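Written out below as structure tokens is the structure these notes cover.
Naming convention: chains lettered A, B, ... in sequence-line order (proteins, then strands); numbering from 1 in each chain. None of these values were measured; they are calculated from a predicted model.
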2 protein chains.
Amino acid sequence: MLETEQKSQLMDDGTMPMKVEGGRILLIDQRKLPGIFEYFDATDLDAMCFAITDMVVRGAPSIGVAAALGMAYHLSKLASAGNINIDVVKNTKDKLDATRPTAVNLKWATEKVLDYAEVLLKRSETGKKFGEQLFSYAESMLQDHLDRNRKLSEFGSAIFPQDGKVLTHCNAGSLAACGWGTALGVIRSAKLNGLCPSVFVDETRPRNQGSKLTMWELNQDKIPCTLISDSMSAFFMGRKEIDLVITGADRISANGDSANKIGTYGVAVLANYHKIPFYIAAPLSTIDPNIESGAQIPIEFRDTDELKTIDGKSITIEGAVALNPAFDVTPAALIKGIITEEGVLYPPFSTSIKEALERDKSTSRR
Amino acid sequence: MLETEQKSQLMDDGTMPMKVEGGRILLIDQRKLPGIFEYFDATDLDAMCFAITDMVVRGAPSIGVAAALGMAYHLSKLASAGNINIDVVKNTKDKLDATRPTAVNLKWATEKVLDYAEVLLKRSETGKKFGEQLFSYAESMLQDHLDRNRKLSEFGSAIFPQDGKVLTHCNAGSLAACGWGTALGVIRSAKLNGLCPSVFVDETRPRNQGSKLTMWELNQDKIPCTLISDSMSAFFMGRKEIDLVITGADRISANGDSANKIGTYGVAVLANYHKIPFYIAAPLSTIDPNIESGAQIPIEFRDTDELKTIDGKSITIEGAVALNPAFDVTPAALIKGIITEEGVLYPPFSTSIKEALERDKSTSRR
């Protein structure tokens, strides 16, 4: 797409959440933004597992690629020492997969590294060569995500209304999605295409990815954005100040039910009540065709200190009981369309998702 | 009601948000709870205006009574100096009324003081005697609210399900309502009546009245409570873990539309989607019979630093644009019932509200 390539020169790819430099895997420490911009060295397997669990890196696609890089690095080290075999590969994958349960991209990415490692082992590649090829394969995922995000964003832009006022929840930008972004990618492409989007950003308690990361990214792109609390969405919907909602996703089941950051389901219900279209924007790697419905998606419950403290300081009573589910599932019936690199998918999603995955499979050369 | 009196000995009235001591009006500084329990001297008119604006005292009924006390104190001082007349009374009322626009209880309470001042002036009461009678009248409002809250809470308890799991938003407890509470009052009465309530408390961004005040009050009453973020309500409703919702209100129009803390409208939409009954609990002083619908209720927009900072520390980018509406309006159609001291009112509210106000007028001896 020449047109897209030309446009892309108007705007960079966004802030890449990770880089490989001097043989080290460096992740932007997203816990510290927007105040501090700093890289976290997640080269070693334990450091990578910690980085994913503690949300140094977050966002389903970014988690996936970070895990793939960490897995490939660890295995290449083992291979150099002559300690590589399929069991070691599988154990490494299991360790990474256990860091966070909800996003499927993590398992999707480690599965791809596992498959490729198997191919290499079958070819009897070992030692340094095994490591180089595996790491280079993992690295290629970064560019692949960026390409796919740009593609899905163009599809999303095509349905974006002129001067559209969009609400997004959490952060589905460049940081979350390995460049360009998914939900924010659509908004960036809408800007590039002259549609003049403006954005309501809800703060996304308890981790405040909206106020911290989405506000930061939109500000860098000079896209007008207004911070509100999660509890204000209905107010602005009721005043007809929101034209559409776009969020990312962490796992989409075969029927279109979509897990995403806690609060998404509520926003989807509110959007439907106000007859405002609600879209998911996510690469096909977010789809888990092995599960039929959202009921099968495991929901991560995180430490309640995330809710009870801010910067280590209590914001409630001592000994407060709290619950902290990190995700919820939006049923397919509330979703107007799923914006992917194979186009915008519409209901019935069980059909459109299946077809998109088949198209991708038949055209993909990776 | 002897039964209620006996029961009341099982539980005190809750923490009274204000007291008159040594001729001073002392307000619990609700900005500092739960960490610090401290009184704020709001005796002088300017101090009282600041206390209301800055939310030292908050909650519609508590704001109303605090304003009444402040008005009576100021006028009694002027009367002692021989400077009392109806214009001075009206100017003092106007100054207090301007502090916060949404809750009608403020104007309701200052109107009552104005009316009584007029009666006293017509009787040619002046000087110290005028002041004593006016202040004593304002003070009686505190006990009157407590009585009414206990009464409405008994009515609410009668419709509270055994072992009911209730979600409440913001704080409509003793602190907000001059003792016992409205929404929390119903929950306290449910406990007294052996109904074993348990409570989901949403944090209520941006001022966190849920995590700070409601958790504090429920904990004192030993009522099981769980803190969640505002974005989690839909999740727990979807899991059928919430049986009913009860909130307070700041102004109810003649048709039943109810203004309350920002986020209430969203919770009501979510409750209706999940077929969970949504109730308002509020004394009749919250009803503004002069306005037909919620569209006429002015919504206060507060300083956006409430959203952008916590304890003075930024939680978003520098120069972030934000919006901070402090209230929203829940349309009557989403409300199952309005719990008042004249019973639980049901649709059509335009009729039931009118009848309740008439009953109250005919029985009230105040």
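For A:Asn208, the part lying near chain B is the side chain, with the backbone staying farther off; criterion is any non-hydrogen pair under 4.5 Å. In this structure, chain B has heavy atoms under 4.5 Å from both the backbone and the side chain of A:Ile262. In this structure, chain B has a heavy atom under 4.5 Å from the backbone of A:Phe327, while its side chain stays farther away. With a threshold of 4.5 angstrom between heavy atoms, B:Ile299 approaches chain A through side-chain atoms but not through N, CA, C or O. Heavy atoms closer than 4.5 Å to chain A are found in both the backbone and the side chain of B:Ile228. Residue contact with chain B, scored on non-hydrogen atoms closer than 4.5 Å, is absent for A:Glu318. Heavy-atom distances place the side chain of B:Asp230, and not its backbone, under 4.5 Å from chain A.
With chain B as the partner, the residue from A:Trp216, A:Phe235, A:Phe200 showing the most heavy-atom pairs under 4.5 Å is A:Phe235. Between chain B and the options A:Ala320, A:Cys225, A:Gly319, A:Gly238, the largest number of non-hydrogen pairs under 4.5 Å is found for A:Cys225. Heavy-atom pairs under 4.5 Å with chain A were tallied for B:Ser229, B:Pro224, B:Pro206, B:Gly210; the largest tally goes to B:Ser229.
Looking only at side-chain heavy atoms (C-beta outward), B:Thr316 and A:Lys212 stay at 4.5 Å or farther from each other. Counting heavy atoms from C-beta outward, B:Asp311 and A:Lys313 have side chains that approach closer than 4.5 Å. Proximity of A:Glu203 to B:Leu307: side-chain heavy atoms (C-beta onward) are separated by under 4.5 Å at one or more points. Side chains of A:Met232 and B:Asn324 form a contact here, defined as non-hydrogen atoms less than 4.5 Å apart. At a threshold of 4.5 Å between non-hydrogen side-chain atoms, the residues A:Met215 and B:Val321 do not count as touching. Taking the side chain as every heavy atom from C-beta outward, B:Phe236 and A:Leu323 approach each other to under 4.5 Å.
Annotation for B:Ser231 and A:Arg205: closest pair OG-O, 3.4 Å, computed over non-hydrogen atoms. Heavy-atom minimum distance, B:Ala234 versus A:Gly266: CB-CA, 3.6 Å.
With rounding to the nearest 0.5 angstrom, the CD1 atom of A:Ile317 is 10.0 Å from the OG atom of B:Ser211.
A centroid separation of 6.0 Å or more is found between the aromatic rings of A:Tyr273 and B:His274.
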